[in-house]
Amino acid sequence: MRSSWADSVTNSAADTAAAGSSANNGAGSTSRPARTSYVPPHLRNRPPSSEPPAPAHSGTSVSNDRPGYGVPPSGNRWGGPRSDLGRSGFGGGGRLGGGGGGSGWNNRAGGWDRGKEREANPFGDDVDAEPAFNEQENTGINFDAYEDIPVETSGENVPPPVNTFAEIDLGEALNQNIKRCKYVKPTPVQRHAIPISLAGRDLMACAQTGSGKTAAFCFPIISGIMNGQFAQRPHGARTVYPLALILSPTRELSCQIHEEARKFSYQTGVRVVVAYGGAPINQQLRDLERGVDILVATPGRLVDLLERARVSLQMIRYLALDEADRMLDMGFEPQIRKIVEQMDMPPRGVRQTMLFSATFPKEIQRLASDFLSNYIFLAVGRVGSSTDLIVQRVEFVLESDKRSHLMDLLHAQRANGTHGKQALTLVFVETKKGADSLEHWLCMNGFPATTIHGDRTQQEREQALRSFKSGNTPILVATDVAARGLDIPHVAHVVNFDLPNDIDDYVHRIGRTGRAGKTGLATAFFNENNSSLARALSELMQEANQEVPAWLSRYAARSSYGGGRNRRTGGRFGGRDFRRDAAAAFSRGGGGTDYYGGNISSGGAYGSNPGGYGGAYTSAWD
DNA sequence: AAAAAAT
């Protein structure tokens with residue numbers, strides 16, 4: 001069984017600690033001479049690590065002029081005092097070794113290519129060979145618009161945002177990977193969320209679809225694991241002890257997060273493993289046995305692994321829930337509660353918990369606060385900006401006319417040339433059966449389509465997604481399994497063939513287009529059956545400066561409050577900390593009392609609407 | 001009522 005980097009550094013850390021330089025309570029501080037110490041079986045057979053475990057950014061300047069908010073000596077919850085209140089001793093105390101030798105993280109490939117195997121290059125061979133087409137991919141984000149993003153934060157002592165990756169001391173290896181990913185500047189959610197996470201704080205973050213949330217929680221986790229000193233994880237038996245857990249609601253999303261996290265952690269020695277259902281468990285078990293620092297998983301398979309005692313959550317320092325509102329809704333909440341509260345995971349306040357989603361209904365926030373400790377709420381709206389970049393259309397289409405109407409759209413697209421490899425069409429339907437039958441019908445009518453839904457085998461699902469992404473099958477018919485999080489470049493058109501019942505689901509679905517600065521089109525087929533959505537939909541479209549058909553407004557006016565469980569309150573920028581409302585309710589109209597030290601900042605986007613989200617323009621995102 | 005998530 002191989003182990004991961006965090007284990008091996010702990011061994012070295014013990015040596016360093018013996019030299020008396022570490023303030024942290026790292027691994028056993030007994031003094032042992034280097035390398036003559038006991039080497040656990042899983043670490044034997046490795047060439048001795050001769051270089052000191054000195055971090056690249058050895059101790060030096062945090063290029064941040066705000067005292068008190070520098071990059072903390074990570075692992076702060078474990079290695080030192082909680083950093084969220086009165087912090088001290090930031091100057092890199094707790095960093096490993098004083099070796100000023102500037103040996104970078106990337107010098108120490110953490111056992112990866114020292115062993116038999118070499119870490120596969122997650123960037124592929126074509127990193128630099130990619131034509132300009134992909135070059136646009138990551139640089140195409142409309143950064144100018146970033147200056148105008150409304151941002152709301154609340155909570156105690158909110159660390160200020162950064163403007164560049166360089167301001168954050170993420171370490172050489174991670175910086176390299178950021179370059180390889182062609183990330184030039186942090187996105188707004190990254191600018192705010194990364195300093196918050198690096199400060200060790202719990203976080204509830206709302207940020208638009210396609211705005212870089214994955215990196216926002218991965219970077220601090222990876223950096224924390226690299227910098228942290230962790231007690232030697234138990235070994236033996238067949239149980240593994242990841243340091244970080246990332247949960248997501250669908251298998252494909254977990255895969256995607258895993259792929260991204262692998263890029264971010266390339267040559268850092270931090271090991272990322274994914275586990276999800278529908279796939280043979282044996283390969284996943286083998287992957288785990290080779291060592292895991294970050295485990296990405298769907299809930300069901302994780303519970304399975306926990307019950308088999310193949311995974312223990314005892315050493316979890318970081319817990320991230322992607323699509324957190326989904327993870328805590330009725331379908332998932334019991335499982336999540338079991339994983340987080342009834343297994344062996346350290347309690348909140350001990351681990352660091354981060355929740356991310358584009359939408360965060362108030363009642364889910366209330367639930368979520370069970371898992372958080374003194375957290376910061378962050379809402380970043382109108383990124384670059386998805387809603388602006390998505391043109392939303394609603395058409396009145398009778399149930400019986402939907403197919404022919406879709407056919408008209410597809411023919412028009414074909415005529416336009418907006419069809420094919422670089423203009424994919426994603427069609428959402430309500431049911432799995434409906435997905436199959438629509439797919440069949442499309443194929444019969446000369447439109448190559450495939451489908452993804454929960455009745456298909458995992459192999460079929462993944463094949464469908466690949467075929468769609470590659471443009472081989474430029475039409476994908478999907479249930480809500482594909483509504484959230486999936487990053488599929490070149491989706492030019494999202495068709496809500498059947499509208500969802502909940503406006504948040506609509507938000508996530510249309511967010512499959514208009515990503516990373518690209519424009520997109522979203523067309524919805526509306527009829528009587530959707531009248532409960534009319535009001536929320538029309539409000540949403542208004543907020544996004546979309547043209548609302550008169551007939552929809554009439555529906556909206558007629559229909560009672562609907563739009564699913566969470567009505568948007570007054571059409572404001574939805575990203576709002578429910579604690580504020582709660583506090584306001586308690587303080588009985590205190591109005592100005594900013595109990596939680598809230599802090600609203602915005603650029604020019606608001607124009608004459610100082611500090612408020614109550615104006616005509618707001619965002620869909622909550 | 002549907003979808004997702006373990007076997």
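Convention: sequence-line order gives letters A, B, ...; per-chain numbering from 1.
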*Pair listing, ring-ring contact (aromatic ring centres under 6.0 Å, His included) test, anchored in residues 321-356 of chain A, at least two apart*: Phe217(A)-Phe356(A)
*When you match Met330(A) and Gln458(A) each to their closest nucleotide on DNA chain B, which lands nearer the 5' end?*
Met330(A)
_I'd like the 5' and 3' limits of the part of DNA chain B contacted by chain A, with heavy-atom contacts below 4.0 Å._
dA1(B) to dT7(B)
[X] charged N/C atom sitting above [Y] aromatic ring, 6.0 Å / 45°:
X         : Y         : value
Lys362(A) : Phe578(A) : no
Arg579(A) : Tyr375(A) : yes
Arg509(A) : Tyr506(A) : no

With sugar-phosphate meaning primed atoms plus P, OP1 and OP2, does [X] contact a base, only sugar-phosphate, or nothing at under 4.0 Å between heavy atoms?
X         : result
Arg308(A) : nothing
Arg326(A) : base
Asp480(A) : nothing
Gly331(A) : base

*Can Arg403(A) and Ser437(A) be said to form a side-chain hydrogen bond (donor to acceptor under 3.5 Å, both in side chains), step by step?*
CA-CA 11 Å; Arg403(A) 284 185 176 185; Ser437(A) 91; 2.8 Å; yes
*Sole residue of Asp487(A), Leu426(A), Leu424(A), Ile390(A) in side chain to side chain contact (heavy atoms under 4.5 Å, CB included) with Arg512(A)*: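 Exactly one option meets the side chain to side chain contact (heavy atoms under 4.5 Å, CB included) with Arg512(A), and it is Leu426(A).
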